[in-house]
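Worksheet: the structure to be examined is printed underneath.
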Protein chains: 2
Amino acid sequence: MTEPQWLDDGESEAWLSFLVMHAKLTAELHRRLRAQAGLSLADFDVLAQLTEAPDGTVRARQLGRSLQWEKSRLSHHLDRMQRRGLIRREDCAEDSRGAMVVVTELGRETIERAAPPHVQAVRELVFDRLTRREVDTMRRISEKILDGLDEEVR
Amino acid sequence: MTEPQWLDDGESEAWLSFLVMHAKLTAELHRRLRAQAGLSLADFDVLAQLTEAPDGTVRARQLGRSLQWEKSRLSHHLDRMQRRGLIRREDCAEDSRGAMVVVTELGRETIERAAPPHVQAVRELVFDRLTRREVDTMRRISEKILDGLDEEVR
DNA sequence: CTCCTTCGGTTGACACGTCATCCAACCCGT
DNA sequence: ACGGGTTGGATGACGTGTCAACCGAAGGAG
């Protein structure tokens, strides 16, 4: 019944530059991480979770929740990382359906080498260019949109 | 020589919520577009470019530039869209290497049906939740980061 | 204990992106 | 006209992501 409300000029410019910025920024971070350590951003996130945990071990289910990944995505990704020797799977003592994911020595070395330049790149490309106020606003915008999504999806 | 500078708490919270927000937001927009019109966001962008052009026709090279897509990405994507009958390819008169991309009647109907709800979703999920100042800041942040990327990549 | 549902995880099919490679047509200097 | 570099585009291989289907173990309700 009601006409859809369109975006005004300021809004559509903001939207377009937001989308392009995210695409180019993650592409560049991805490119550097791959060149420097042979990791994808997804690999990095998995290894970060594992190396922060005691014994470098996390239950697969838990990993999926922290990363907010679908279980099939996680399963496929772990296959590939296992093939490359970055992680391995072990049986779960408490639940025989479960799988424990363990970071290997190679995985640990790889992320320890990768992390400092990666963080440095985020700093250079993002935070060094923004004021304190802008960073605060960035977080506030993100949280507002996330709140809205939670309401909608509920 | 110099220690890498890490992110402080405010920065890493901003960074994390930015990443999660973008992932969930685009996932939701994607889900809706697919459910409502059977299109991916990439399909939508291609069709939008084509329907804005005279005769619904754009040279492939030009399409790649507007979308900032690699040529192989474009080629693969056009394959899939052609298979679904959304576009077709024609020979290019001025350059016999070239390809003209033409939106089909089905493609035109599909995006005309898809566009209003999609724009409405962006409005609901993003702009209705932000103040004018926040939208301005979002654009300014995006442009600053893009400027930085242009310098780096140059 | 038995049935039924839910849960954790895997698998296969397919869409999507990137990289490297290839090919023909174009352009340009000689 | 020729010869070499560049451009527009297609292709194949492979990593990545989603969806749907599947399977066995877990966990109640009766």
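Just so we're on the same page: letters track the sequence lines, and every chain starts at 1. Side chains are part of it too, since the values below use all heavy atoms of this structure and drop only hydrogens, waters and symmetry mates.
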Rounded to the nearest Å, what distance is computed from the CG atom of residue A:L74 to the C1' atom of nucleotide D:dT16? 13 Å
What is the distance, rounded to the nearest whole Å, between atom CG of B:D91 and atom C1' of C:dA24? 13 Å
Taking C:dT10, C:dG9, D:dA13 as options, the one with an atom nearest any side-chain atom of A:S72 is C:dT10
Give a yes/no on whether any side-chain N or O of A:S75 is located under 4.0 angstrom from OP1 or OP2 of C:dT11. no
Only residue of B:R80, B:R108, B:M81, B:E105 satisfying side-chain contact (heavy atoms from CB on, under 4.5 Å) with B:L86 is B:M81
Salt bridge or not for A:R129 and A:E124, using N-O below 4.0 Å? no
Exam field: side chain B:T104 to backbone B:G85, donor-acceptor pair closer than 3.5 Å: yes
May I ask you to evaluate whether A:R65 reaches the phosphate of C:dC7, defined as a side-chain N or O under 4.0 Å from OP1 or OP2? no
Between the side chains of A:S17 and A:E13, is a donor N or O closer than 3.5 angstrom to an acceptor N or O? no
Any base atoms under 4.0 Å from B:R84, or only sugar-phosphate, or nothing? Heavy atoms, all strands. nothing
Integer-rounded Å distance: C:dA15 P and B:M81 CE: 14 Å
Between the base of C:dC26 and the side chain of B:R97, is there a donor and acceptor pair under 3.5 angstrom? no
Report the nucleotide, chosen from C:dA25, D:dT16, D:dG8, that has the shortest atom-to-atom distance to any side-chain atom of A:D43. D:dT16
Contact nearer the 5' end of DNA chain D, comparing A:E94 with B:C92: B:C92
Return yes if the base of D:dT18 and the side-chain atoms of A:R73 contain a donor-acceptor N/O pair under 3.5 Å, otherwise no. no
Side chain of A:K71: nearest nucleotide among D:dT16, C:dG8, D:dT18? C:dG8
Assert: residue with more 5' nearest nucleotide on DNA chain D, out of A:R83 and B:D95, is B:D95
With a 4.0 Å cut-off, would you call B:R84 and B:D43 a salt bridge? yes
When rounded to the nearest 0.5 angstrom, what distance separates CD1 in A:I145 from CD in B:E134? 9.0 Å
So what does B:R80 hit on the nucleic acid, given a heavy-atom distance under 4.0 Å: a base, only sugar-phosphate, or nothing? base
Nearest whole Å is fine: how far is D:dT11 C1' from B:R89 CZ? 11 Å
Taking only side-chain N and O atoms of A:R61, does any of them lie within less than 4.0 angstrom of OP1 or OP2 on C:dT6? no
Could you tell me how far apart B:D45 (CG) and C:dC16 (P) are, to the nearest whole angstrom? 12 Å
Could you give the CG-to-C1' distance, from B:L78 to D:dG9, as a whole number of Å? 10 Å
Between CH2 of A:W69 and P of D:dG17 the distance, given in whole Å, is 6 Å
Protein-nucleotide distance (A:M100, atom CE; C:dT10, atom P), rounded to Å: 13 Å
Would you say a side-chain N or O of B:R59 is under 4.0 Å from OP1 or OP2 of D:dG9? yes
Side-chain donor/acceptor of A:H76 to base of C:dT10, under 3.5 Å: no
